[in-house]
Amino acid sequence: MTNPDVSFVVTAHNAQGRLRAGVGSLLGRAAAMESEVIVVDNGSTDLTGAIADELAAEHPSVRALRLRETQLPGVAREAGAQLARGRYLLFLDGGDELVPGSLDALGARLAEAGEDGERREPDVLLFDHARVDWRGDRTPGGDSARLARAGRVFAPLASRPWLLRTSRVLANRLIRRDFHLARRDLFEREGPDEALAAHGSLLAAADIGALDRVCVLRHEPPGDRRSPVSAERYFELFDDYERLMALAGEPAVQNTLFDLMIRHYMAVVAGEDLPRAERARFFHRAAADFARHRPAGYRRPEGLTGIRHALLERDTYAGYPALQQANRGRRRLIGAAGAAKRGAGRRAEGLFYQARSRAPLDPNLAVFSAYWDRGVTCNPAAISASLAELAPHIRQVWTVRRAGRALVPPGTTVVSTDERRYWDVMARATYFVNNVNFPDSLVKRPGQIHVQTHHGTPLKRMGVDQLAHPATSRGVDYDALLARCARWDYSVSANRHSSEVWERAYPVGFTSLDHGSPRNDVYYRATAHDVLRARARLGLEPGTTALLYAPTHRDHEAGWTPRIDLERFARTLGPGFKVLVRGHYFYDRGASPLSALHRAGSIIDVSDHDSVEELALASDALVTDYSSLMFDYANLDRPILVFADDWETYATTRGVYFDITEEAPGVVARTQDELQEALVSGEWQGAEAARRRAGFRERFCEFDDGRAAERVVRRVFLGESRLPPVVPVALRTPAPTPAEAELTAVRIPAARQSSSHASH
């Protein structure tokens, strides 16, 4: 493709959560117009650059440009524009998406002839856009009426000056590339927003067209994730509008631009981003612009806006704070409501917690928890062990339910939520590590650091991605969920798939730690002795093939009944196999349907076993449906069988990120008979199963190499930036299989015996 119709220039900074979907919306969507995509990674610190490279490798129409350091958005945008070959340019951010059918609609609009029957190309073609929040709710850009009023003609701004009031963004317009090259002075530099480029492109255009259609969806992050703007960059607005006013020739255009300029200035003064100490200086500069550019015949607006104009016209900043009293009063009411809510929470937590929250933080105190205080396990336990080794000066406290204290390793400091000491450590600790969220009652203090480890790679949809699946998300308070997630400083990830999902599913501010899943370190550190000891604990005889069956939870089912007839399953496989069954932790152990089968010896019920990692080491293969355990187990490079008898139901009700039946780590069985046949025939150990597993490991075991916990500790607790590099999958050596471990056990005594004979 040498001369496409449209070049999409996508600038992305730390956009790993939405970039793939955004670029995907630009590919293969139009029949009438050819397009290319240029992705500019603007010095991202996450996986944005790697995703851009992947997209470029997968799609011939995508090119990637990676900037070593983060530049102003305008600089990054122009770097991409220099590579563009399209007739028109469309500038987008990494989180923007093109609405299906939009490119065809834009192409048809460009192809229309003018009123005189002569076909000519506009310099700018405006269209509407919508803002999308984390719920998926769309807010129209507000330009529909103006675009409809513009009609079908291509004409300069002077004939329709009100088009200047369209949204002050570049993502709502096609820009002719030759026009862009001729007026790069309007695009190369960028103040605190896109005012110069957005207004300037309309002021300088010879012809402007309009299309009354929403073509772009802009996924906006929550307010606390928007990039801050320095005070000095706000002062650049004055230079921008000086240049813009020089382009406004007709009086009607001058009047419109002047009104927009003053409204823009007043919004900056009234906003929260400009430091209070700088507001008077900004106000006086704005007043000078008011006097210099006031059009002839200017009439002050009505109402509160007119009063603001009057203060600016007189350069009377002293009266401005009084004018904002009503607005400040509204903000105080909102703040008071929030304070009352927080106050109620603190009263529930007790006066003791409030008092201890005023004490200095303990820089050497860390709180750990896992699975809603169930015990010392999962990723937090792995990080805890590494922390004890690398930073023993940091004291650790685990929050554990009283019922689970019996299983806590000796020497572990434990507190329960009903203890007074619990509130003391929660108030004073600097570090918090959990694989779920801490309770709402915890108030995060400045200086406290939260590490979210998660508990598995997501196949099923998580967080706000569940909104499209009300059957499983009904009743979830997503505002409260995101308030809890907003405490995260770090999110630990095992692979790029997870990093992208966590960022999109939990749209709050955190840094992704692409260091691997700490709980999987054991799969590369365990020895033959560890494997044999794990099998001995389960009573597994040498030579026995142990299958770990670990089905997942189904939100649409009230209880759990195994989807496999386990008694028939064990009988069909015969005495050479032993089935270890681990029910999901959500289910009531007292009502487990496994008890009778366990007593009869048909299976071994390992639902209450304290370590799923030990069960994995002891087993020869994993049988599961859609459990995240398969992603962890793949690190062992042992066979995995997926029993997907209800995949369509699960995928529809729960929502999934990809089709596991198409991207499985081994054999896929849709019936029990198919599953049994795969095991009896040996297909589960065949070449095709191994090929699938290898591809699965490359994708989902990406960062797991046995040193994940160490990387997390060094980065978070020790503040180190140079971390152990991740070993490529092909160069890793997983723990030995049971057969290899048993062979090792045989060789060692034989070698010792030979040595003993030689000594005699």
Side-chain angles (χ1 to χ4, degrees), residues 17 133-136 221-226 334 337-350 353-354 357 361 366-374 377-380 383 397-401 415-417 422-423 425-456 458 460-467 469 472-493 498-499 501-513 553 555 585-586 628 712 716:
D133 64 14
W134 59 266
R135 292 181 180 274
D224 60 355
R225 294 200 69 185
R226 295 189 179 96
I334 295 173
K341 182 178 180 180
R342 291 191 297 271
R346 292 192 180 98
R347 284 192 295 275
E349 296 155 11
Y353 182 43
Q354 292 185 51
S357 294
L361 293 178
V367 175
F368 286 81
S369 181
Y371 295 118
W372 301 275
D373 303 333
R374 278 186 165 88
T377 186
C378 193
N379 290 312
I383 295 173
V397 177
W398 277 82
T399 64
V400 180
R401 301 175 186 177
V415 295
S416 299
T417 57
Y422 171 85
W423 297 111
V425 298
M426 300 301 272
R428 296 188 304 105
T430 294
Y431 303 100
F432 292 81
V433 182
N434 206 334
N435 67 355
V436 293
N437 272 312
F438 284 97
D440 292 345
S441 54
L442 174 63
V443 178
K444 185 181 181 184
R445 298 176 59 188
Q448 290 183 327
I449 298 170
H450 283 242
V451 180
Q452 171 58 246
T453 71
H454 307 281
H455 47 278
K460 63 185 180 184
R461 291 193 174 267
M462 304 292 290
V464 300
D465 285 348
Q466 295 182 71
L467 282 166
H469 301 274
T472 57
S473 65
R474 186 179 293 111
V476 175
D477 185 342
Y478 284 99
D479 289 303
L481 171 65
L482 291 187
R484 292 189 291 271
C485 298
R487 297 184 298 218
W488 302 352
D489 294 286
Y490 298 102
S491 169
V492 179
S493 181
S498 296
S499 300
V501 167
W502 301 143
E503 179 133 345
R504 187 173 62 251
Y506 303 107
V508 295
F510 57 77
T511 298
S512 181
L513 298 182
H553 166 66
D555 300 84
Y585 60 83
F586 275 2
S628 66
V712 172
V716 176

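Only heavy atoms go into these numbers, but all of them, side chains included; no hydrogens, no water, no symmetry mates.
- Looking at Pro458 and Ser498, their side chains come closer than 4.5 Å, going by heavy atoms from C-beta outward.
- Looking only at distances, a side-chain donor or acceptor of Tyr353 sits under 3.5 Å from a matching main-chain atom of Val443.
- The nearest pair of heavy atoms linking Gly463 to Leu481 is CA-CD2, 4.3 Å.
- Leu361 and Pro446 make their closest contact through CD1-O, 3.4 Å (heavy atoms, listed as atom of the first residue, atom of the second, distance).
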Would you please test Asp489 and Thr511 for side-chain contact (heavy atoms from CB on, under 4.5 Å) and show each step?
CA-CA 6 Å; Asp489 294 286; Thr511 298; over 6 Å; no
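- Between Thr417 and Asp373, some side-chain heavy-atom pair lies under the 4.5 Å cut-off.
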Tell me, with the steps shown, if Val367 and Val433 meet side-chain contact (heavy atoms from CB on, under 4.5 Å).
CA-CA 6 Å; Val367 175; Val433 182; over 6 Å; no
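- Residues Ser512 and Ser491 have side chains that never bring a donor and an acceptor to within less than 3.5 angstrom of each other.
- Shown here for Cys485 and Tyr506, the closest heavy-atom pair between the two residues is SG-CD2, 3.7 Å.
- Within the 4.5 Å cutoff, no side-chain heavy atoms of Ser369 are placed close to those of Phe432.
- The side-chain heavy atoms of Thr399 and Phe368, taken from C-beta on, include no pair separated by under 4.5 Å.
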Steps toward side-chain contact (heavy atoms from CB on, under 4.5 Å) verdict (Trp372, Asn437)
CA-CA 8 Å; Trp372 301 275; Asn437 272 312; over 6 Å; no
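- When all heavy atoms are compared, the tightest approach of Met462 to Ala505 is O-CB, 3.3 Å.
- Residues forming a side chain to side chain donor-acceptor pair (under 3.5 Å) with Arg461 (at least two apart in sequence, or on another chain): none.
- Taking 4.5 Å as the limit, every side-chain heavy atom of Thr453 sits out of range of all side-chain heavy atoms of Asn434.
- Judged by distance alone, the side chain of Arg484 and the main-chain N or O of Phe438 form no donor-acceptor pair under 3.5 Å.
- Side chain of Ser416 to main chain of Val400: a donor-acceptor pair is present (N/O by atom type, distance under 3.5 Å, no hydrogens or angles).
- Formation of a donor-acceptor pair under 3.5 Å by the Arg504 side chain with backbone atoms of Val464 is not found in this model.
- Put simply, the side chain of His455 gets close to the backbone of Asn435: a donor and an acceptor are under 3.5 Å apart.
- Listed here is the closest heavy atom pair of Val716 and Leu513: CG2-CD1, 3.8 Å.
- The backbone N or O of Ser499 lies less than 3.5 Å from a partner atom in the side chain of Ser493, making a donor-acceptor pair.
- The closest donor-acceptor contact from the side chain of Arg487 to the backbone of His450 lies at 3.5 Å or more, if one exists at all.
- Summarising the geometry of Thr377 relative to Pro380, their closest heavy-atom pair is O-CD, 3.7 Å, with the distance given to 0.1 Å.
- Proximity of a side-chain donor or acceptor of Gln448 to a complementary backbone N or O of Ala429 within less than 3.5 Å is detected.
- With His454 as the partner, the ring pair (Phe, Tyr, Trp, His ring centres under 6.0 Å) test is satisfied by one option alone out of Phe510, Tyr371, Trp488: Trp488.
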